[in-house]
Engineer: 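Here's a structure for you.
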Amino acid sequence: MNGLATALITLLRRDLILALRRRQDALVVLGFFVVVVSLFPLGVGPDPQLLRSMAPGVLWVSALLATMLSLERLFSDDFRDGSLEQILLSPQPLSLLVGSKILAHWLITGLPLVLISPLLGMQLGLDGTEILILMTALLLGTPILSLVGAIGAALTLGLRGGGVLISLLILPLYVPALVLGAGAVDAVMYGSSAQAHLSLMAALLILTLLLAPWAIAAALRIMLD
Amino acid sequence: MNGLATALITLLRRDLILALRRRQDALVVLGFFVVVVSLFPLGVGPDPQLLRSMAPGVLWVSALLATMLSLERLFSDDFRDGSLEQILLSPQPLSLLVGSKILAHWLITGLPLVLISPLLGMQLGLDGTEILILMTALLLGTPILSLVGAIGAALTLGLRGGGVLISLLILPLYVPALVLGAGAVDAVMYGSSAQAHLSLMAALLILTLLLAPWAIAAALRIMLD
Amino acid sequence: MIEFLAMGGHAPYVWGSYGVALLAMVVEMVLLRQRRKAVNRRLARLARLNGEEGGATSPDV
Amino acid sequence: MSHASHVVFPAHRLEVEGLVVERGERLLIRDLGFSLAGGELLQVAGRNGAGKTSLLRILCGLSRPLEGRVCWDGVPVQHQEEGPTAHLAYLGHANALKDELSGEENLRIQSALQGRGVGRDEAWEVLGRMGLGGHEDLPVKFLSQGQKRRVALARLLLVRRPLWILDEPFAALDVQVIEVLRSALEAHLAANGMIILTTHQAVPIEGRQRTLTLGKAA
Amino acid sequence: MSHASHVVFPAHRLEVEGLVVERGERLLIRDLGFSLAGGELLQVAGRNGAGKTSLLRILCGLSRPLEGRVCWDGVPVQHQEEGPTAHLAYLGHANALKDELSGEENLRIQSALQGRGVGRDEAWEVLGRMGLGGHEDLPVKFLSQGQKRRVALARLLLVRRPLWILDEPFAALDVQVIEVLRSALEAHLAANGMIILTTHQAVPIEGRQRTLTLGKAA
Amino acid sequence: MAEQRVQWFKFASPPNFYDLAGRLAPWFGGLAAILFVVGLYIGFILAPPDYQQGNSYRIMFIHVPTAWMSMFLYVLMAVYAAIGLIWRVKTAEVMAKAIAPTGAMFAFLCLWSGALWGKPTWGTYWVWDARLTSQLILLFLYLGYMALHAAIEDRQRAANASAILALAGVVNVPIIYFSVVWWNTLHQGASITVTSAPTMETVMFVALLVMTFACWMYAIAVVLWRARLELLERERRAAWVLERTGEKA
Ligand code: HEM
Ligand SMILES: Nc1ncnc2c1ncn2[C@@H]1O[C@H](COP(=O)(O)OP(=O)(O)OP(=O)(O)O)[C@@H](O)[C@H]1O
Ligand SMILES: Nc1ncnc2c1ncn2[C@@H]1O[C@H](COP(=O)(O)OP(=O)(O)OP(=O)(O)O)[C@@H](O)[C@H]1O
Ligand SMILES: [Mg+2]
Ligand SMILES: [Mg+2]
């Protein structure tokens with residue numbers, strides 16, 4: 001048990017330290033999110049009413065794309081330099097080690113998205129409550145995106161064209177999170193309560209937390225075979 | 001001159017043959033385009049009027065993201081297996097060889113996007129003329145996306161996290177194509193003519209055709225230095 | 001004085017602009033200062049290393 | 001480079017029975033069996049593509065054979081009490097080092113992952129033994145290829161596993177580094193450890209050794 | 001493997017003057033000069049990281065030196081009439097082969113890019129000479145590492161350049177392939193060609209040869 | 001090649017530049033401080049409130065100079081990048097890199113002050129107006145440039161690659177600007193255009209001018225300072241660096 005805790009914390013700390021030393025990687029993901037959100041008004045036109053009503057969808061789709069792109073490197077760096085093999089050779093349960101890595105990934109990419117979302121929400125014309133719900137939904141939803149996406153990242157490990165392939169694999173799996181997350185903001189926008197959406201989202205998060213690590217561990221074993 | 005023509009045609013044919021043999025790569029880009037466009041109705045809700053008015057923007061932003069993702073591999077495969085060095089060592093002008101590669105890239109990814117766009121436009125509620133203008137705009141615009149994006153692809157060659165970095169570099173440069181392209185469809189949607197937009201777009205295409213190959217060649221030489 | 005600071009009810013906007021501008025410039029200068037110290041430390045270490053090795057052999061094995 | 005006296009492993013035995021290996025729809029290894037005791041070195045030889053790497057990865061449990069089994073002290077590795085990999089250390093083509101971390105950080109993280117937390121002093125001591133004194137806290141990316149390989153090697157010493165599995169440990173190294181590696185291998189054998197390695201280069205190592213040549217028929 | 005009689009190159013001369021090379025802010029080569037004539041082989045030696053690959057890439061014109069110049073027949077390569085690279089063929093660490101294409105396709109495409117379109121027969125003939133008869137139309141991904149290297153080598157024969165620049169051509173090859181390569185090199189020298197190569201392995205080659213050792217001082 | 005370079009850009013040789021910049025930077029810094037004080041005095045004490053906007057218009061004295069600076073610095077950065085790329089002048093490469101963070105900071109300050117100005121005048125922090133949007137994209141261009149610089153380890157290659165990016169960006173800035181202006185005029189009504197007071201009073205104009213100069217001086221001082229550090233790091237093995245740091249250590 002003690003060895004396990006040490007291993008988990010070590011892995012988490014390692015990934016966080018690495019992120020700190022290559023700081024710009026995490027910033028680039030954030031930059032991507034901001035840039036993509038800003039592209040939509042350019043495509044759709046400056047009409048504030050239109051922008052406001054599409055804001056939840058745009059923010060969620062952009063968050064989803066940003067997470068997805070960052071996922072490509074979740075395992076591939078470790079794969080390329082041989083660390084992933086060593087992680088597989090560790091006597092600790094792989095699914096927990098994987099969980100540690102995903103926690104680090106979320107702290108590095110998911111959390112910053114949540115934190116910057118109010119700014120973008122404001123730019124698209126959302127008001128106070130809506131922004132609050134948006135943040136809550138993203139807070140519950142981005143871990144789901146990281147967890148589900150990691151399955152795709154594991155499955156495309158070492159394949160040519162991994163980046164685009166991941167997206168095709170996991171974007172369909174992102175649909176529930178997207179529908180619930182954007183729906184929560186839509187709900188308050190149209191005057192009803194976001195309670196139901198958020199509860200379902202929390203349930204989804206718990207379910208994903210329980211199942212995804214196993215799937216990821218299995219996928220990694222297969223892809224490194 | 002004859003040697004030059006042979007080299008250009010050879011390179012174009014090579015890339016097309018490779019694309020044919022790895023068919024799923026090109027399909028994945030197309031799949032990404034379709035999936036992202038389809039995500040929006042899920043995020044924004046089913047209101048047909050809203051969907052219709054955001055359709056040009058959504059289609060263009062998705063085309064832009066799909067192109068961008070496919071760009072990551074424009075040079076990186078050749079870079080990894082050493083072919084890019086051999087291309088640089090060719091006695092023919094690099095900017096023209098690069099042009100050949102980009103033409104192949106456009107035929108493989110840009111053209112299919114143009115061809116499938118009517119279907120997606122219809123899904124989002126565009127009518128006949130609008131779809132025609134959408135296709136024309138995409139036909140003029142996707143080569144611009146390929147050309148400008150190739151600069152970013154060349155500049156991020158061999159860098160960690162190239163995929164996300166490319167986007168930060170080139171998405172801002174995509175703004176004119178996006179604004180003009182989506183604007184063209186918007187224009188007919190609001191009853192005016194798309195003539196001006198399309199002419200400007202054509203001018204932009206010519207400008208890019210003249211300038212981008214040089215920038216790409218220079219970037220390749222630098223990154224392989 | 002109070003009246004001046006209130007900026008006719010626009011205090012948060014006006015002082016917010018200038019405050020952040022000041023902050024940004026100060027932060028930029030502080031960062032530069034820190035970086036200068038880091039560079040100096042690094043150069044000093046380099047000089048020390050060069051002195052020790054006398055440029056005889058490369059550090060690689 | 002003398003650390004033979006540090007640890008001496010108790011007697012162990014690795015046994016491989018009826019191994020059949022298939023990669024990419026080609027049968028690479030047909031019914032392979034051998035056994036290895038403490039203090040023995042097994043060199044796996046064969047042409048390019050003969051299946052050397054594939055065999056080593058199976059011995060590590062990184063991939064599964066089509067048929068056959070690998071036993072440690074008479075028990076199939078999957079049923080080992082402490083997990084299927086607790087008795088071995090693997091050094092592949094890649095060094096498994098993080099460029100941004102120092103040698104010390106890399107070693108301590110890897111040891112912790114392998115279930116043996118080590119202190120700063122121990123890590124420094126091992127790095128010193130590998131001739132890396134003075135480079136302990138430099139990010140690994142500033143080390144030369146040979147120095148990186150030494151850090152990877154230091155990991156083998158730290159985690160203290162009886163069985164070392166090494167894939168082309170000598171490839172692309174210059175002569176001096178090969179010498180360091182050679183003496184580390186000899187010390188491990190002297191401490192009753194086992195080694196399985198592949199190499200295309202001939203390096204004389206003292207100790208009981210055998211050669212297994214793959215793919216003679218193919 | 002005898003093709004010495006095929007082409008004989010006229011007399012050429014490669015001259016390098018005052019070369020200064022810096023990589024990653026480290027001065028690797030200080031004021032290097034040498035010259036090479038037809039029929040001569042230059043082996044570039046040196047430790048890992050000494051700058052061998054960097055030097056070869058400069059000789060190819062793939063990267064620029066900090067100072068100094070490379071002349072071909074007395075004219076700086078940048079000012080050559082037919083372009084700065086028309087006199088050389090480069091084989092790097094990577095084979096520059098497309099996995100999905102057959103050996104024949106790879107060869108013909110590469111030759112066309114280098115400005116010499118070749119027919120199917122010629123490509124097959126050269127592949128046959130390299131001992132790849134029967135594998136000409138197999139996608140390269142089904143070839144073993146050594147066979148791939150042979151295809152890459154066949155390109156050298158096809159484009160018929162007087163100067164070959166080869167980076168670690170022997171690395172990770174098994175003994176048989178090394179032999180094939182060795183005789184190709186000797187034939188090129190016999191045909192009055194020039195060769196510049198790096199290697200960590202000792203391979204005896206007949207012909208006039210010199211060794212340039214990098215990084216002794218650094 | 002090398003000899004020519006030394007002759008052409010004698011004054012741009014790293015040690016000369018380093019010494020000169022070291023001597024000049026403090027003067028520019030001091031001048032900036034004085035001009036800021038004077039400019040703020042004129043802008044806040046001498047200039048009367050605006051009859052329409054009240055006191056909020058005083059944001060102009062920081063907003064407009066930062067807007068101008070951010071655009072001008074981008075062009076300057078591209079010019080230095082081009083010089084560095086074409087003639088391989090190290091000091092120019094270093095200057096280009098040193099300008100980027102300051103330019104990005106001004107772009108950010110323009111956005112920030114504009115947003116804060118927008119709330120009292122337009123009732124919202126942000127609209128997708130052409131000028132606002134193109135300023136936002138300018139900030140992204142700066143960030144892309146810096147990200148690329150940071151991503152490439154080898155400094156020489158980083159300088160060359162980001163020079164290409166800077167040049168591609170500078171070609172695009174006018175295109176982006178016009179495309180966005182054009183995009184914006186299509187939809188009627190909803191957007192509000194930036195309207196300056198019809199005829200600016202002289203005091204205000206003077207304040208604006210002084211503040212602009214202050215920003216200039218500040219930018220020069222900071223950029224020179226950063227360029228010196230950059231140069232030290234890049235040339236850290238050169239004899240002139242050892243001479244100069246030996247004294248300090
Ligand atoms: C986030 C919001 C804003 C941004 C990004 C922004 C951006 C800019 C830029 C880029 C310029 C320089 C343009 C040029 O010189 O051609 C500028 C100038 C100016 N802006 Fe803003 N602005 C913003 C909000 C505002 C607001 C709310 C006002 C006042 C109601 C305002 C008033 C001005 C004025 C008076 C100028 C000087 C115009 C001239 O003479 O050139 N801006 N702004
Ligand atoms: N994941 C895989 N999928 C398909 N084929 C594979 C895979 N891995 C290896 N092979 C094939 O199996 C064969 C054996 O590969 P392996 O890497 O074990 O060879 P090796 O003996 O280590 O050769 P080398 O001396 O070149 O390292 C090769 O023909 C290779 O192409
Ligand atoms: N693009 C680069 N950026 C920074 N440093 C580099 C770059 N390329 C090479 N180096 C450094 O330059 C040095 C020489 O590298 P080079 O590849 O020329 O060595 P080599 O002699 O070929 O070594 P090996 O025997 O390992 O192939 C090394 O220290 C390497 O880290
Ligand atoms: Mg192998
Ligand atoms: Mg090398």
Engineer: So, taking the atom named CZ in B:Arg14 and the one named CZ in E:Arg108, what distance separates them when rounded to the nearest 0.5 Å?
Structural biologist: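 B:Arg14 CZ to E:Arg108 CZ: 15.5 Å, rounded to 0.5 Å.
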Engineer: Please identify, among E:Gly61, E:Ala112, E:Gly83, E:Gly117, the residue contributing the most non-hydrogen atom pairs under 4.5 Å to chain B.
Structural biologist: E:Ala112
Engineer: Nearest 0.5 Å, what's the CG-CG distance between E:Asn95 and B:Asp81?
Structural biologist: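 These two atoms lie 9.0 Å from each other.
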Engineer: Are the side chains of B:Arg221 and E:Arg64 in touch, meaning some heavy atoms are under 4.5 Å apart?
Structural biologist: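 In short, these two side chains do not touch, never coming nearer than 4.5 Å.
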Engineer: When heavy-atom pairs shorter than 4.5 Å are enumerated against chain B, which of E:Ala96, E:Ser63, E:Ala86, E:Ala94 gives the highest number?
Structural biologist: E:Ala96
Engineer: List the atom of B:Leu18, the atom of E:Lys98, and the distance in Å for their closest heavy-atom pair.
Structural biologist: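 Shortest heavy-atom contact: CD1-CD, 3.4 Å.
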Engineer: Who wins among B:Ile17, B:Ile222, B:Asp78 for the most heavy-atom pairs under 4.5 Å with chain E?
Structural biologist: B:Asp78
Engineer: Heavy-atom cut-off 4.5 Å, strictly under: side chain, backbone, both or neither for E:Arg116 against chain B?
Structural biologist: neither
Engineer: Just checking B:Trp214: does its CH2 atom have more than 12 heavy atoms from other residues, nucleotides or ligands closer to it than 6.0 angstrom?
Structural biologist: no
Engineer: Can you check whether E:Arg57 reaches B:Leu224 side chain to side chain, under 4.5 Å on heavy atoms?
Structural biologist: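 In contact.
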Engineer: For E:Arg182, does the CZ atom have more than 12 heavy-atom neighbours from other residues, nucleotides or ligands under 6.0 Å away?
Structural biologist: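 Yes, enclosed.
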Engineer: Considering all heavy atoms of both residues, which atom of B:Leu89 and which atom of E:Thr85 are nearest to each other, and what is their separation?
Structural biologist: O-OG1, 2.5 Å
Engineer: Ignoring hydrogens and geometry, is there a side-chain-to-backbone donor-acceptor pair from B:Thr10 to E:Leu113 under 3.5 Å?
Structural biologist: no
Engineer: With only heavy atoms counted, which part of E:Glu82 is less than 4.5 Å from chain B, the side chain, the backbone, both or neither?
Structural biologist: backbone
Engineer: Does any backbone or side-chain atom of E:Leu101 lie under 4.5 Å from a heavy atom of chain B? Answer side chain, backbone, both or neither.
Structural biologist: both
Engineer: Check whether E:Glu105 gets within reach of chain B through its side chain, its backbone, both or neither, counting any heavy atom under 4.5 Å.
Structural biologist: side chain
Engineer: Given that the side chain runs from C-beta out, which part of B:Gln86 has a heavy atom under 4.5 Å from chain E: side chain, backbone, both or neither?
Structural biologist: both
Engineer: By a 4.5 Å heavy-atom criterion (distance strictly below it), what part of B:Leu8 contacts chain E: side chain, backbone, both, or neither?
Structural biologist: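 Neither the backbone nor the side chain of B:Leu8 comes within 4.5 Å of chain E.
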